[in-house]
Amino acid sequence: METRDTARELLDRTLDAGSHVSWDEAPLDVDPDPAYADALTRARAATGCDEAVLTGEGRLHGRRVAVVASEFGFLAGSVGLAAAARIVAAVERATAERLPLLAAPASGGTRMQEGTPAFVAMAAITAAVTAHKAAGLPYLVYLRHPTTGGVLASWGSLGHLTAAEPGALVGFLGPRVYEALHGAPFPEGVQRAENLQRHGLVDAVLPPDRLRDAAGLALDVLLDRPDPATPPPPPAEPDSPAPVWDSVTRSRRKERPGVRELLRHAASHVVRLRGSGEGEASPALVTALARFGGRPCVLVGQDRSRQSAEQPMGPDALREARRGMRLAAELRLPLVTVIDTPGAALSADAEERGTAGQIARCLAEMTSLAAPTVSVLLGEGTGGGAIALLPADRVLCAQHAWLAPLPPEGASAIVHRTPDRAGELAEAQGIGSADLRARGLVDRVVPEFGDAADEDGAFCARMGEAIARELAAVQPSGDAEPPAGRAARYRRLCAAP
């Protein structure tokens, strides 16, 4: 197994020219036995490095960043106590100096010559990275070929965002070790970067020459915070309420813009993320870092174009949504949720994978999240899959969006024993935007001039402006607690008259 770039080559191509400054001090003395001491000497001569990691700082598009990069040529990039001490010191310095941290591991894992002490040092590295993230500082990871063992199982798997080198071997157990233990080769392709991206463990697969711009774009969203400002006055809302059944019909048009169109027409600096980080990636959900009107956020949106009767939104999408919620809290960014779903999956598989529990956990996190939140009812809003992303400090609603416990046809079948009275029941249930606004369940209705599906990008631009105004209104105040008004909105529904 060979790495494509040395650690120095990767840093040279990623950081601004001439900006790298080493933080490395003489390695910790681990008192090696003669054979190990000889291996260290040969590794130093072959690589020009004194240990298996390089640490330091540099500029990335002019922005000061901290870096930790493995040198695979030094004893397969393995981490012993000296390398671990260097990583911990660098992470702690980055935290103390409030620098974002870019980590680029390439390693066979724990250094076997040092045994259990080196193995347990995984905990020290993990604690340092966790403290860095708890300080609200970005931690970006670029997994290089190969990254395995204790390195992947500690600092390699904790990134807010994680990219991997094309074709990189990335896995917990190295294939040579697996074959030695089990007498058969590990299945081909499982431990490759592209497969991990398909399974939601890696956000992107990027060649090294794209890392610089990708990391720079992510840091632009994460770190460039606009000054608090009084939001501009909102535009007028629709003059008259739309007939509810008319809204239901319009919301189901195939041509109606969804979250992808919203990002394309109304957002900038879009960095797409992928998956829950825990082995799931749902096509029904879009997660991204983005800016609306220059204001950064984490966006979690239900994708109407990737949901159907054959492929409904499952619990994997809700687990991915919860990753977005955690990112917003950790990075101290506002969260924007976009609701547009005909409903969550109703199947034996969805039951066994815990749909109801995921809805409950989304509701719990949305109501308690220590980050400003804006929810957008963009189209269909059916059932638990919709309400899972609803509780927020501010709620926007497209004129023809709606929110209901069941599709109106299903509700009519329950109440009237026929789906044919769906329009009548939808009106009675108050599922349309005007009724939601009157009850205080949404804060503002964004008009559609005719039908959003016929407005090209104009409706999305208008919704994007509304999102930007609300992001300005919920600008973080520095408090660690969610605003009391978020839960109070729904508590009022349960108050005695």
Side-chain angles (χ1 to χ4, degrees), residues 1-15 17-58 66-91 93-94 101-122 124-125 128 141-152 154-156 165 167-171 174-177 180 207-209 211:
M1 295 183 293
E2 297 178 357
T3 56
R4 278 74 160 181
D5 280 345
T6 66
R8 286 196 178 96
E9 288 168 343
L10 182 73
L11 295 178
D12 285 345
R13 75 160 74 226
T14 303
L15 300 174
S19 69
H20 178 240
V21 176
S22 175
W23 287 353
D24 295 339
E25 297 182 355
L28 183 73
D29 185 4
V30 295
D31 191 24
D33 63 36
Y36 181 25
D38 184 56
L40 290 171
T41 299
R42 292 196 307 272
R44 288 166 182 152
T47 63
C49 300
D50 61 1
E51 248 303 336
V53 291
L54 304 182
T55 69
E57 66 173 273
V67 290
V68 176
S70 296
E71 176 48 66
F72 189 80
F74 193 106
L75 298 183
S78 57
V79 174
L81 289 177
R86 181 170 287 180
I87 294 169
V88 169
V91 175
R93 179 170 173 177
L101 178 58
L102 173 62
S107 173
T110 298
R111 191 167 297 171
M112 292 297 105
Q113 293 92 330
E114 296 185 28
T116 299
F119 173 55
V120 175
M122 289 168 57
I125 298 171
V141 174
Y142 184 57
L143 300 171
R144 296 152 61 216
H145 174 71
T147 302
T148 63
V151 168
L152 182 64
S154 55
W155 53 292
E165 188 178 17
L169 186 147
V170 179
R176 187 172 64 180
V177 177
D209 58 6
L211 175 61

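Just the heavy atoms: all of them, side chains too, but no hydrogens, waters or symmetry mates, feed the values below. Count residues from 1 along the sequence.
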**Prompt:** Taking all non-hydrogen atoms of both residues, which atom of His20 and which atom of Gly56 are closest, and how far apart?
**Reply:** NE2-CA, 4.3 Å
Identify each donor-acceptor pair in which a side-chain atom of residues 83-90 lies under 3.5 Å from a protein atom, sequence neighbours left out, and give them as a table.
from: Arg86; atom 1: NH1; to: Asp50; atom 2: OD1; distance (Å): 2.9
from: Arg86; atom 1: NH1; to: Val53; atom 2: O; distance (Å): 3.1
from: Arg86; atom 1: NH2; to: Glu25; atom 2: O; distance (Å): 2.6
from: Arg86; atom 1: NH2; to: Asp50; atom 2: OD1; distance (Å): 3.2
from: Arg86; atom 1: NH2; to: Asp50; atom 2: OD2; distance (Å): 3.3

**Message:** Side chains of Asp5 and Asp12, heavy atoms from C-beta outward: is any pair under 4.5 Å?
**Reply:** no
**Asked** Less than 4.5 Å apart, any side-chain heavy atom of Leu10 and any of Leu211?
**Response** yes
**Request:** Could you pull out all residues at least two apart from Ala7 that satisfy side-chain contact (heavy atoms from CB on, under 4.5 Å)?
**Result:** Leu54, Ala69, Glu71
**Prompt:** Who are the side-chain contact (heavy atoms from CB on, under 4.5 Å) partners of Ser19, not counting sequence neighbours?
**Reply:** Leu15, Asp16, Arg59
**Message:** Ignoring hydrogens, what is the shortest heavy-atom contact between Gly109 and Ser107? Give both atom names and the distance.
**Reply:** N-OG, 2.8 Å
**Asked** Can you tell if the side chain of Trp155 reaches within under 4.5 Å of the side chain of Val91, non-hydrogen atoms only?
**Response** no
**Request:** Using the side chain to side chain contact (heavy atoms under 4.5 Å, CB included) rule, take Ile125 and Val79 through it: C-alpha gap first, then chi angles, then the decisive distance, then the call.
**Result:** CA-CA 11 Å; Ile125 298 171; Val79 174; 4.2 Å; yes
**Message:** Please enumerate all residues that pass side-chain contact (heavy atoms from CB on, under 4.5 Å) together with Pro32, with sequence neighbours excluded.
**Reply:** Asp29, Val30, Tyr36, Ala37, Leu40
**Complete:** Sequence neighbours excluded, the answer for side-chain hydrogen bond (donor to acceptor under 3.5 Å, both in side chains) partners of Arg8 is none
**Prompt:** Does Arg44 have any side-chain hydrogen bond (donor to acceptor under 3.5 Å, both in side chains) partners at least two apart in sequence or in another chain, and if so, which?
**Reply:** none
**Request:** Compare every heavy atom of Glu165 with every heavy atom of Pro208, then report the nearest pair and how far apart it is.
**Result:** CG-OE2, 3.9 Å
**Glu114 to Ala118 - nearest heavy-atom pair and separation** = CB-CB, 3.7 Å
**Donor-acceptor under 3.5 Å (Thr55 side chain, Val68 main chain)** = no
**Asked** Looking at residues at least two apart in the chain, or sitting in another chain, which of them share a side-chain hydrogen bond (donor to acceptor under 3.5 Å, both in side chains) with Thr110?
**Response** none
**Request:** For residues Pro105 and Leu152, determine if any side-chain heavy atom of one lies less than 4.5 Å from a side-chain heavy atom of the other.
**Result:** no
**Asked** Quick one: side-chain hydrogen bond (donor to acceptor under 3.5 Å, both in side chains) partners of Asp38, sequence neighbours excluded?
**Response** Arg42
**Counterpart residues, side-chain contact (heavy atoms from CB on, under 4.5 Å), relative to Ser78 (two or more places apart)** = Leu75, Arg111
